[in-house]
Number of protein chains: 2
Amino acid sequence: MKHEPELHAVEAGLRQRGCRWTTQRALIVRTALGTHDHFTAEDLLLRCRKADPQVSRATVYRTLQVLEQAGYVEGLETGDGGRRFEHTIGHSHHDHMVCEQCGAIEEFHDPELERRQELAAAKVGFRITRHSLRLYGLCAGCAKRRGGGGR
Amino acid sequence: MKHEPELHAVEAGLRQRGCRWTTQRALIVRTALGTHDHFTAEDLLLRCRKADPQVSRATVYRTLQVLEQAGYVEGLETGDGGRRFEHTIGHSHHDHMVCEQCGAIEEFHDPELERRQELAAAKVGFRITRHSLRLYGLCAGCAKRRGGGGR
DNA sequence: GTGCGTGCAAAATATTTGCAACGTC
DNA sequence: GACGTTGCAAATATTTTGCACGCAC
């Protein structure tokens with residue numbers, strides 16, 4: 001089975017937080033791990049149901065809450081109203097560039113950027129637990145196609 | 001009346017987009033302008049109803065969509081599920097720190113941070129039109145109260 | 001007058017909760 | 001055996017939509 005090491009890491013983490021490790025949670029986490037980066041609660045439910053049609057919508061929502069609190073899952077803001085998630089297990093933090101033309105989501109990471117954030121927070125005594133940075137605009141392809149010359 | 005110049009700017013902008021300028025839209029925009037920065041659709045509705053109890057919830061939602069598309073209003077996502085808005089009329093861009101304990105939203109701005117973003121984008125040929133940066137964690141007050149020492 | 005915008009209420013979505021049964025520890 | 005979890009369905013919350021009427025242009 002795929003994702004065994006990550007799965008066990010989550011199991012250990014949840015247990016440490018005093019949570020129980022149930023068949024459903026294992027299924028949900030495994031499914032989240034194997035799911036394309038940015039999924040909605042409903043997406044996840046449907047995928048889980050392929051493996052076990054019994055899984056309740058409520059359980060998925062509840063588990064997502066637990067996972068988010070424990071830091072294994074992160075809520076994304078797509079801006080279009082839909083709430084989406086991505087798991088943060090086994091892939092380091094990154095930010096997103098969203099192309100408003102073609103919808104592509106590009107990931108990037110800049111440590112210096114993070115340092116500046118810490119700095120800004122420290123200045124006012126704010127303690128960061130997580131952050132979300134999204135750049136909206138045109139990806140390289142679309143920029144060339146549309147905005148390269150003038151327009 | 002307050003906010004006359006901004007109000008006219010919005011009016012002009014909407015007209016230019018082929019929209020009609022109605023009593024309700026004027027009321028909604030005026031209310032948004034006079035409202036504390038971060039409001040929900042429901043907040044705005046209630047405030048509008050103080051001036052005109054007739055205003056429909058649907059109209060507020062529809063108008064918010066128009067305003068957001070036109071760029072006069074920006075959707076925020078506080079992460080706690082509630083969708084919030086802030087108007088971008090006449091106040092410069094800033095980012096947000098959201099306290100997950102008490103819900104306070106602090107604004108800040110760091111030009112250097114923006115420069116780094118531009119840099120990261122330039123590196124991959126991405127053309128930024130706007131961005132959203134949110135830091136989540138504990139505000140100074142809550143950090144002191146709860147996490148001051150260790151933990 | 002034409003057609004967009006509005007109000008109302010109902011519909012569609014999205015998310016949470018009460019409760020009895022169940023499974024983990 | 002105790003108690004956190006689950007499934008179900010109902011309750012909430014949030015946003016959208018159909019339709020007749022009214023107002024801006």
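Here is the naming used below: chain letters follow the sequence lines, and residue numbers restart at 1 for every chain. Bear in mind that the values here come from a model prediction, so they are computed numbers and not experimental data.
Under the 3.5 Å distance criterion, with hydrogens and angles disregarded, no donor-acceptor pair is assigned to the side chains of D43(B) and H38(B). Counted by atom type alone, S132(A) and R134(A) present zero donor-acceptor pairs between their side chains at under 3.5 Å.
With a 6.0 Å radius and a threshold of 12 heavy atoms from other residues, nucleotides or ligands, Q69(A) has its CD atom at or below the threshold.
Look at CZ on R57(A): it is 9 Å from P on dA14(C), rounded to the nearest Å. F85(B) has its CZ atom 12 Å from the P atom of dT14(D), to the nearest Å. Atom CG in L27(A) sits roughly 17 Å away from atom C1' in dT24(C) (whole-Å rounding). Distance R17(B) CZ to dG5(C) C1': 16 Å, rounded to the nearest Å. Note: CH2 (W21(A)) to C1' (dT5(D)) measures 13 Å, nearest angstrom. The distance from atom CD of Q65(A) to atom C1' of dT17(C) is 11 Å, rounded to the nearest whole Å. Rounded to an integer number of Å, the gap from E42(A) CD to dT14(D) C1' is 16 Å.
Taking the screw axis at each terminus of the helix from dG1(C)-dC25(D) to dC25(C)-dG1(D) from five consecutive base pairs, the angle between the two is 40° to within rounding of 10 degrees.
Listed candidates were dA14(C), dT6(C), dC25(D). Nearest to the side chain of T59(B) is dT6(C). Here the nucleotide nearest the side chain of Y61(A), chosen from dC25(C), dT15(C), dT5(D), is dT15(C).
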Nucleotide N/O of nucleotides 8-11 of chain C paired with protein N/O under 3.5 Å:
from: dC8(C); atom 1: OP2; to: Q54(B); atom 2: O; distance (Å): 3.4

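The residue from H131(A), E118(A), R127(A) that alone fulfils the side-chain contact (heavy atoms from CB on, under 4.5 Å) condition with L135(B) is H131(A).
In this model, a side-chain donor or acceptor of R20(B) finds a partner on the base of dG3(C) within 3.5 Å.
The salt bridge (charged side-chain N to carboxylate O under 4.0 Å, His left out) pairs that include a residue from residues 46-57 of chain B are E42(B)-R57(B), where partners are two or more places apart or lie in different chains.
Rounded to the nearest 0.5 angstrom, Q117(A) CD and E112(A) CD are separated by 10.5 Å.
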